[in-house]
Amino acid sequence: MTTTAQKRHELRIRRHRRVRKKVHGTATRPRLAIYRSNKHLTAQVIDDDAGRTVASASTLEADFRKKQSGGNVAAATAVGALVAERAKQAGVSAVVFDRGGFLYHGRIAAIAEAARAAGLEF
């Protein structure tokens with residue numbers, strides 16, 4: 001890793017730790033955690049008290065990979081809608097948003113907006 005990339009990664013980890021001090025998912029209001037790589041996106045609805053994942057969606061899923069690329073805003077919108085649908089099926093209507101130290105822009109914002117549009121409360 002180059003020094004610039006390493007510094008950027010360290011700053012993201014620092015932001016993520018700072019956010020995670022304050023954000024905690026419960027059974028009534030679990031945490032919607034987002035992870036973004038260069039090629040893919042992952043969204044999980046997590047109950048931190050029980051230590052389990054309630055619902056998840058990712059661009060790494062087999063049926064999703066056949067449809068479209070995983071690293072763009074359109075894919076982020078699809079993942080946000082899918083994770084919201086799966087969370088609603090699991091009985092979750094409200095979540096706490098955990099952006100994972102990533103800036104609220106582009107693909108991260110697209111996931112959040114799609115999840116809101118699909119009926120999840122933030």
Side-chain angles (χ1 to χ4, degrees):
M1 214 185 286
T2 64
T3 56
T4 305
Q6 189 173 11
K7 182 69 173 174
R8 190 173 293 147
H9 179 72
E10 289 171 3
L11 290 173
R12 186 192 76 81
I13 296 299
R14 187 183 290 174
R15 279 191 307 270
H16 184 54
R17 287 185 183 142
R18 188 170 56 233
V19 168
R20 285 290 289 125
K21 285 181 194 176
K22 301 169 189 166
V23 176
H24 182 78
T26 62
T28 57
R29 196 172 170 116
R31 175 170 56 100
L32 175 61
I34 307 297
Y35 179 73
R36 172 184 65 100
S37 72
N38 287 337
K39 291 185 178 182
H40 296 286
L41 297 162
T42 302
Q44 294 180 320
V45 179
I46 303 167
D47 177 4
D48 289 319
D49 290 338
R52 70 181 191 95
T53 300
V54 178
S56 68
S58 175
T59 57
L60 290 166
E61 295 175 11
D63 56 341
F64 192 90
R65 290 181 111 178
K66 293 176 186 174
K67 294 179 186 176
Q68 60 186 351
S69 170
N72 54 24
V73 175
T77 304
V79 167
L82 186 59
V83 76
E85 176 186 323
R86 290 177 180 173
K88 297 285 260 183
Q89 288 175 354
V92 175
S93 60
V95 294
V96 178
F97 189 65
D98 176 12
R99 59 190 171 92
F102 299 105
L103 298 178
Y104 188 84
H105 184 266
R107 292 181 281 168
I108 303 300
I111 289 176
E113 290 167 7
R116 277 191 200 105
L120 276 185
E121 255 183 66
F122 283 49

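Hydrogens, waters and symmetry mates play no part in the numbers below; they use all other heavy atoms, side chains included.
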Neighbour count >12 (heavy atoms, 6.0 Å) for atom NZ, Lys67
no

Under 3.5 Å, side-chain donor or acceptor atoms of residues 73-85 against the rest of the protein: list the pairs with distances, not counting sequence neighbours.
residue : atom : partner : partner atom : Å
Thr77   : OG1  : Val73   : O            : 3.0

Which atom pair, heavy atoms only, marks the closest approach of Arg99 to Phe102?
NH1-O, 2.6 Å

For Ala87 versus Ala55, what's the shortest heavy-atom pair and its separation?
N-CB, 3.8 Å

So which pairs with a foot in residues 20-35 pass side-chain hydrogen bond (donor to acceptor under 3.5 Å, both in side chains), sequence neighbours left out?
His24-Asp49, Thr26-Thr28, Arg31-Asp48, Arg31-Asp98

State plainly whether one hydrophobic cluster holds both Ile111 and Ile46, where clusters connect Ile, Leu, Val, Met, Phe, Trp and Tyr through side-chain heavy atoms under 4.5 angstrom apart.
no

Side chains of residues 4-16: which donor-acceptor partners sit under 3.5 Å, not counting sequence neighbours?
residue : atom : partner : partner atom : Å
Arg12   : NH1  : Gly100  : O            : 2.5
Arg15   : NE   : Gly101  : O            : 2.7
Arg15   : NH2  : Gly101  : O            : 3.0

Return the CZ to CG distance between Phe97 and Leu120, rounded to the nearest 0.5 Å.
11.0 Å

Kindly give the heavy-atom pair with the smallest separation between Lys88 and Ala118, and that separation in Å.
CE-O, 4.3 Å

Does Arg107 have any salt bridge (Lys or Arg N to Asp or Glu O under 4.0 Å) partners at least two apart in sequence or in another chain, and if so, which?
none

Going by side-chain heavy atoms closer than 4.5 Å, which hydrophobic residues are tied to Leu103, directly or by a chain of links?
none

Might you point out which heavy atoms bring Phe64 and Ser69 nearest each other, and give the distance in Å?
CE2-O, 4.2 Å

Hydrophobic cluster of Val96, others only, ordered by chain and residue number, side-chain cut-off 4.5 Å:
Val19, Val23

Considering all heavy atoms of both residues, which atom of Thr59 and which atom of Gly70 are nearest to each other, and what is their separation?
CG2-O, 3.5 Å

Partners passing side chain to side chain contact (heavy atoms under 4.5 Å, CB included) against Ala27 (at least two apart in sequence or in another chain):
Asp47

Measuring only between side-chain heavy atoms, which start at C-beta, is Arg36 closer than 4.5 Å to Leu41?
yes

Sorted by first residue and then second, give each side-chain hydrogen bond (donor to acceptor under 3.5 Å, both in side chains) pair with at least one member in residues 109-122; sequence neighbours left out.
Tyr104-Arg116

Should we say atom CG of Asn38 is surrounded by more than 12 heavy atoms from elsewhere, each under 6.0 Å from it?
no

Taking only residues two or more places apart in sequence or in another chain, which ones pass side-chain hydrogen bond (donor to acceptor under 3.5 Å, both in side chains) with Glu61?
Arg86

